J.: 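This structure is in structure tokens; I'll ask about it shortly.
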Amino acid sequence: MKTRKLGNIEVSPIGIGCMGFSHGYGQIPSEDYSIEAIRTAFEFGCSFFDTSEVYGAQLYHYGHNEQILGKAVKEFRNSVVLATKLMFEKSEISAEGSAYAVIKKHLEKSLENLQTDYVDLYYLHRINPEIPVEIVAEAMGKLIDEKLIRGWGLSQVAKNTIQKAHEITPVSAVQNLYNMVERDCESEVLPYCLANNIGLVPFSPTASGLLSGKLNAKSDFSHSDDVRKFIPQLSKENMQKNAPLVELVSEFAKRKNATPAQIALAWMLHKYPNVVPIPGSKNKERILENLGAWSVELSESEFSELQSTLDKIEIHGHRGIEEFQGGGMKDWGKK
């Protein structure tokens, strides 16, 4: 298992998105199970764990997910890379006096939740249209100088926004939607990131389970806390239309003695050296399955065949990569 780098931060080639332990995919597992799952992932070789101050706020409270992760990794904190995220309002700047003061206040709460004195990777969760990204970048630079964070990043952003931020304080990573059905990053974001030593951290790298082969048009997302009901590719109509893609990864999975999800992950690992996907799951077995994708190697001929066939398949449903604070899940896929 070869490590990868997000800027200058070394991580396992696949990380874990921890949101599902607090929110998003139906029934929430117990805290004990969640902690055990995170520790099992670490023992398997995963060194990169992603959370956010907001994960869990819908059902519990702000910081719920951070607290679970902090408890789980407390005994080996310095052996892992922790990423978390913040969002803030313009009114907070007026109250605190500067964007730096606001961001530091949010960070201090995350540090308490995570039971640590530094965060490895600190993201702005969504761009706030009322707050220039340049002043966020400047504040992040100060936090890096103070050794409270090792690097910083942005999420769901286009190339122009990354460039504006990177010119102020070098960006370590961009966490955008990227998978076989959502490939907007390939046109401008990935080329810019490759040229500027920025990692791309794809969330939903298996298209929220579509590419796992375990979902179909009869899958039930009716639970009040299941975000999949809002994902364009997972509507009943689009799932039926996207069947050829699922069949493609399933066929390759049989040939490689792997699972469809592992093929979807191996595809992006082969394609870009700066990509570090963070599949999310609340199920320990699925987590280990996803991590096992780093052992699935595609030959050049296998990758070429997979890519050329993928390019011929029409994808139904599109969310995109540019989203802003204040938007809702019901807006996904809408112009």
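Basis for what follows: all heavy atoms, side chains included, without hydrogens, waters or symmetry-related copies. Source: prediction; values computed, not measured.
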J.: Side chains of His316 and Gln240: do they bring a donor and an acceptor to under 3.5 Å?
T.: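 Judged by distance alone, the side chains do not pair up.
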J.: Picking from Thr3, Ile16, Ile278, what satisfies side chain to side chain contact (heavy atoms under 4.5 Å, CB included) with Phe48?
T.: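 With Phe48 as partner, side chain to side chain contact (heavy atoms under 4.5 Å, CB included) holds for just one option, Ile278.
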J.: Consider only side-chain N and O atoms of Asn283 and Ser281, and report whether a donor and an acceptor are under 3.5 Å apart.
T.: no
J.: Considering residues at least two apart in sequence or located in another chain, which fulfil the salt bridge (Lys or Arg N to Asp or Glu O under 4.0 Å) criterion with Lys282?
T.: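 With sequence neighbours excluded, Lys282 shows a salt bridge (Lys or Arg N to Asp or Glu O under 4.0 Å) to no residue whatsoever.
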J.: Determine whether the aromatic ring centres of residues Trp267 and Tyr178 are separated by less than 6.0 angstrom.
T.: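 Here the rings of Trp267 and Tyr178 have centres that are less than 6.0 Å from each other.
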J.: In Å and rounded to the nearest 0.5 Å, what is the CG to CZ distance from Leu6 to Arg150?
T.: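 So the CG of Leu6 and the CZ of Arg150 are separated by 10.0 Å.
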J.: So that I can tick it off, tell me whether Glu302 and Lys256 are bridged by a salt bridge, with the cut-off set at under 4.0 angstrom between side-chain N and carboxylate O.
T.: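 A salt bridge links Lys256 with Glu302.
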J.: Would you check if there is a donor-acceptor pair between the side chains of Asn160 and Tyr192 at a distance under 3.5 Å?
T.: no
J.: Measuring from atom CD of Gln156 to atom CG of Leu124, what distance do you get when rounded to the nearest 0.5 angstrom?
T.: 12.5 Å
J.: Less than 4.0 Å between a side-chain N and a carboxylate O, is that true for Glu31 and Lys71?
T.: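 Between Glu31 and Lys71 there is a salt bridge, with a charged N closer than 4.0 Å to a carboxylate O.
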J.: Could you pull out all residues at least two apart from Arg183 that satisfy salt bridge (Lys or Arg N to Asp or Glu O under 4.0 Å)?
T.: Glu186, Asp311
J.: Would you call Glu322 and Lys159 a salt bridge, using N to O less than 4.0 angstrom?
T.: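 Here Glu322 does not pair with Lys159 in a salt bridge, since their nearest N and O are not under 4.0 Å apart.
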J.: Does the pair Lys105/Glu96 count as a salt bridge with the N-to-O cut at 4.0 Å?
T.: yes
J.: Between Asn238 and Gln233, is there a side-chain donor-acceptor contact under 3.5 Å, judged purely by atom types and distance?
T.: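 Looking only at side-chain atoms, Asn238 and Gln233 do not form any donor-acceptor pair under 3.5 Å.
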J.: So, are Glu289 and Arg286 salt-bridged, with charged N and O less than 4.0 Å apart?
T.: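 Yes.
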J.: Salt-bridged, Glu314 to Lys241, with N to O below 4.0 Å?
T.: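 No, no charged N to carboxylate O under 4.0 Å.
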J.: Could you report the tightest heavy-atom contact between Leu269 and Trp294, atom names first, then the distance?
T.: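 Taking Leu269 first and Trp294 second, the nearest heavy atoms are CD1-CA, 4.2 Å.
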J.: Between Val174 and Val157, is there a side-chain heavy-atom distance shorter than 4.5 Å?
T.: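 In short, these two side chains touch, coming nearer than 4.5 Å.
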J.: Kindly determine whether Lys85 and Asp50 satisfy salt bridge (Lys or Arg N to Asp or Glu O under 4.0 Å), including the steps that lead there.
T.: CA-CA 9 Å; Lys85 315 177 194 74; Asp50 180 90; 2.6 Å; yes
J.: If we count only N and O atoms by modelled type, under 3.5 Å, do the side chains of Glu66 and Thr84 hold a donor and an acceptor together?
T.: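 Judged by distance alone, the side chains do pair up.
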J.: Looking at Tyr123 and Ala83, what are the two nearest heavy atoms and their distance?
T.: CE1-CB, 3.8 Å
J.: When the ring planes of His64 and Tyr60 are compared, do they come out parallel, tilted or perpendicular, using 30° and 60° as the limits?
T.: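 The rings of His64 and Tyr60 lie parallel, inter-plane angle below 30°.
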J.: Shortest non-hydrogen contact from Ala258 to Ile263?
T.: CB-CD1, 4.2 Å
J.: Is the closest basic N to carboxylate O distance between Glu43 and Arg39 below 4.0 Å?
T.: no
J.: Specify the closest pair of heavy atoms between His223 and Lys229, including all atoms of both residues, with the distance to one decimal.
T.: O-NZ, 2.6 Å
J.: Less than 4.5 Å apart, side chain to side chain, heavy atoms only: is that true for His318 and Asp184?
T.: yes
J.: Is it true that Phe303 and His270 have ring centroids separated by less than 6.0 Å?
T.: yes
J.: Looking only at side chains, do Gln325 and Glu130 share a donor and an acceptor under 3.5 Å apart?
T.: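 The criterion, which ignores hydrogens and geometry beyond distance, is not satisfied for Glu130 and Gln325.
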J.: So, Lys5 and Glu10, do they make that salt bridge, N to O below 4.0 Å?
T.: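 No, no charged N to carboxylate O under 4.0 Å.
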J.: Classify the side-chain pair Asp225/His23 by whether it contains a donor and acceptor separated by less than 3.5 Å.
T.: yes
J.: Compare every heavy atom of Ala173 with every heavy atom of Leu121, then report the nearest pair and how far apart it is.
T.: CD2-CB, 3.9 Å
J.: For the residue pair Thr259 and Val249, establish whether any side-chain heavy-atom pair is separated by less than 4.5 Å.
T.: no
